[in-house]
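Notes follow the structure.
Each chain gets a letter, A, B and so on, in the order the sequences are listed, and its residues count up from 1.
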Amino acid sequence: MKQRVLSLLSSSIEREIVLEKPRDRSFGHFATPIAFAMAKELKKNPMIIAQELVEMFSKEEMFANVEAVKGYLNFKLSEDFLDEYATWALEHPDDFGKGESSSNILLEFVSANPTGPLHIGHARGAVYGDTLLRLGRHVGHNITAEYYVNDAGNQIALLGTSLILEGKANILNEKVEYPENYYRGEYLTKLAQIAADTYGNDVFNDEEKIKEVALWAKDEVIKMIISDLDAINVNFDTFVSEAGLYDDWDRVMDKLSASGGTEIIDGKTWLKSSLKGDEKDRVIVREDGRPTYLAGDIIYHNQKFERDYDTCINIWGADHHGYMARVKASLEFLGHDSSKLDIQLTQMVSLLKDGQPFKMSKRAGTVVGMNDVVEEIGSDALRFMFASKKSDTALEFDLVDLQKTDSSNPIFYINYAHARIHTILNKSEMKMGTIMASNVKGLGEDADNLLFEAMLLNEVVEDAFNSRQVQKLTDYLKSLASTYHKFYYDHKVIGTQNEAKMLKLFLVVALSIKTGLSLLGITAKESM
RNA sequence: GCGCCCGUGGCUCAACUGGAUAGAGUAACGGACUUCGAAUCCGUUGGUUACAGGUUCGAAUCCUGUCGGGCGCACCA
């Protein structure tokens with residue numbers, strides 16, 4: 001909708017136009033402060049400029065009314081235009097809210113180490129990333145969802161050792177000395193049992209097999225992670241293995257040093273990231289020749305950029321923010337445009353249950369598993385909760401609040417609006433053909449407002465994706481549901497003269513809610 | 001100490017990225033069912049946008065400083 005208005009305005013005004021949706025509907029459907037900007041250049045009173053613009057546009061069929069108020073230019077859309085758009089939406093439900101962007105984007109998210117199940121912080125990144133993915137695709141972009149698997153380095157060996165210890169302790173019932181660093185948790189108990197079933201109990205005493213067991217365990221953990229993610233409707237297109245990247249190491253190193261990006265001091269290779277905005281240089285190869293974690297990231301990001309995307313989006317936990325400068329520095333040295341790397345951070349999550357800190361009771365300690373939360377409140381509530389908060393602010397929420405079945409629980413409230421529409425459609429004797437053949441004109445201001453709001457989905461989705469702020473969509477859906485509930489309360493539908501018209505209006509609302517929820521990875525309910 | 005993020009009604013969050021009177025939900029209180037789902041709706045109370053300056057037609061938003069909070073500051077991933 002907004003696109004159409006904008007393109008009409010752009011054909012007459014040669015400058016960037018900010019078109020906004022006024023808070024107060026009496027100012028129209030759309031408004032622009034363009035006259036203020038023009039006033040500076042033309043050295044004329046903005047009120048006068050606005051008045052001139054009114055005359056330019058008031059004859060357009062798209063508008064019922066164009067007004068100049070205090071320098072703002074306010075547009076009210078015509079009912080013909082609104083009805084035409086509504087009909088189009090209902091006839092093309094799969095295209096509703098879609099955009100025409102077409103960038104190639106790589107979206108990397110979650111990328112949790114394959115050493116244990118996902119915790120609640122990962123879940124936030126997963127939901128945020130997957131929601132961005134859905135929004136971006138709806139807007140028209142071509143996006144690849146990728147998971148970077150850190151399967152090289154110490155932590156895999158540590159996983160192997162931890163599994164062996166677990167087996168010794170719980171299956172062989174031996175006394176074991178635990179080292180300072182090792183993994184623990186219920187998942188290891190399960191894994192040890194499977195390992196015993198697969199390889200036999202001897203495996204826990206066979207030093208030779210430690211490496212093999214570690215790799216096996218890593219694969220098992222990845223399977224667990226994938227199935228955990230699947231439980232909240234998060235899926236990936238590609239998995240990139242860190243271990244597999246090192247074939248490319250020599251080539252990338254050559255490129256780095258050729259551009260003066262490296263330096264060897266005390267037998268270690270340093271990335272001279274301080275030359276590119278980082279606070280200091282970073283070791284990428286240790287004295288003994290083993291690469292550091294950063295090395296893998298450098299090869300990986302180089303590979304990403306050589307795959308030639310328009311934009312690479314990374315979603316990282318906020319505790320990694322110190323990494324941004326060094327990764328970008330390496331990209332610069334490798335001759336890439338680091339501004340194409342868009343790093344979004346997700347902040348910490350803390351959970352309450354009925355006002356008390358929610359922690360896992362098991363021996364694994366303090367970290368809350370994603371599974372545990374999904375079990376408590378379900379995927380829909382979890383996804384909605386995370387999507388509805390700005391990702392870069394710390395978040396605390398109470399599980400009990402998300403189990404409520406009233407308007408205090410937004411996902412419930414929105415589903416209820418959708419379900420009410422289906423109830424009323426089922427109750428009505430109207431045939432779909434009759435409903436579609438009617439028009440939504442002449443229903444009054446409440447109906448016009450509801451219809452207009454329902455048809456704003458595309459604008460909201462584009463805005464949410466471009467600003468990387470997915471909570472704009474959840475806010476929109478809450479507001480739309482509220483407007484609908486109000487309308488429903490105030491207006492009787494069945495048996496009235498305007499039954500078909502109103503049902504057509506409701507169909508648009510339902511379409512918008514259903515589409516919006518699906519972009520959040522949630523299936524709209526048709527009955528509660 | 002240095003760097004990044006943040007500070008908006010009692011609480012959880014918005015505010016179209018510099019625009020019109022800072023909005024929702026929750027909590028508290030008071031109303032609306034012989035009516036398509038009251039699982040809903042309506043109303044009242046609650047704000048010097050942490051504080052002090054600055055930039056301009058215009059600031060919660062941008063700049064500077066102060067205070068307060070979170071996260072980093074590995075040859076771990």
Exercise for the section: Is it possible for you to check whether A/K276 lies under 6.0 Å from the centre of the six-membered ring of A/F333, through NZ or CZ, and within 45° of that ring's axis? Expected result: yes

Practice task
Syn or anti for B/rU17, please, going by whether the chi angle lies within 90° of 0.
Solution key: syn

Problem - N-O pairing of A/K272 and A/D278 below 4.0 Å - result: no

Practice task
Hey, which sits more toward the 5' end of RNA chain B by its nearest nucleotide, A/I494 or A/R282?
Solution key: A/I494

Exercise for the section: Examine B/rA38: is either OP1 or OP2 under 4.0 Å from a nitrogen or oxygen in the side chain of A/R420? Give yes or no. Expected result: yes

Exercise for the section: Nearest whole angstrom, please: distance from the P of B/rG3 to the NZ of A/K276. Expected result: 22 Å

Problem - Rounded P spacing from B/rA32 to B/rA38 in Å - result: 16 Å

Problem - A/M324 CE to B/rC71 P, straight-line distance once rounded to whole Å - result: 18 Å

Completion exercise
Relative to its sugar, using the 90° cut-off around 0, the base of B/rC33 is syn

Problem - Sugar-phosphate, base or nothing in reach of A/T292, heavy atoms under 4.0 Å - result: sugar-phosphate

Practice task
Using the P atom on both, measure B/rG68 against B/rC51 and round to a whole Å.
Solution key: 15 Å

Problem - Lys/Arg N to Asp/Glu carboxylate O, A/E108 vs A/K304, below 4.0 Å - result: yes

Problem - Any A/K472 side-chain N or O less than 4.0 Å from OP1/OP2 of B/rA14 - result: no

Problem - Any donor-acceptor N/O pair under 3.5 Å between B/rA77 base and A/D319 side chain - result: no

Practice task
Rounded to the nearest angstrom, tell me the gap between atom CG in A/D446 and atom P in B/rC41.
Solution key: 14 Å

Exercise for the section: Between B/rA20, B/rA77, B/rU40, spot the one nearest the side chain of A/A31, thanks. Expected result: B/rA20

Practice task
Report yes if at least one side-chain N or O of A/Q469 is closer than 4.0 Å to OP1 or OP2 of B/rA14; otherwise report no.
Solution key: no

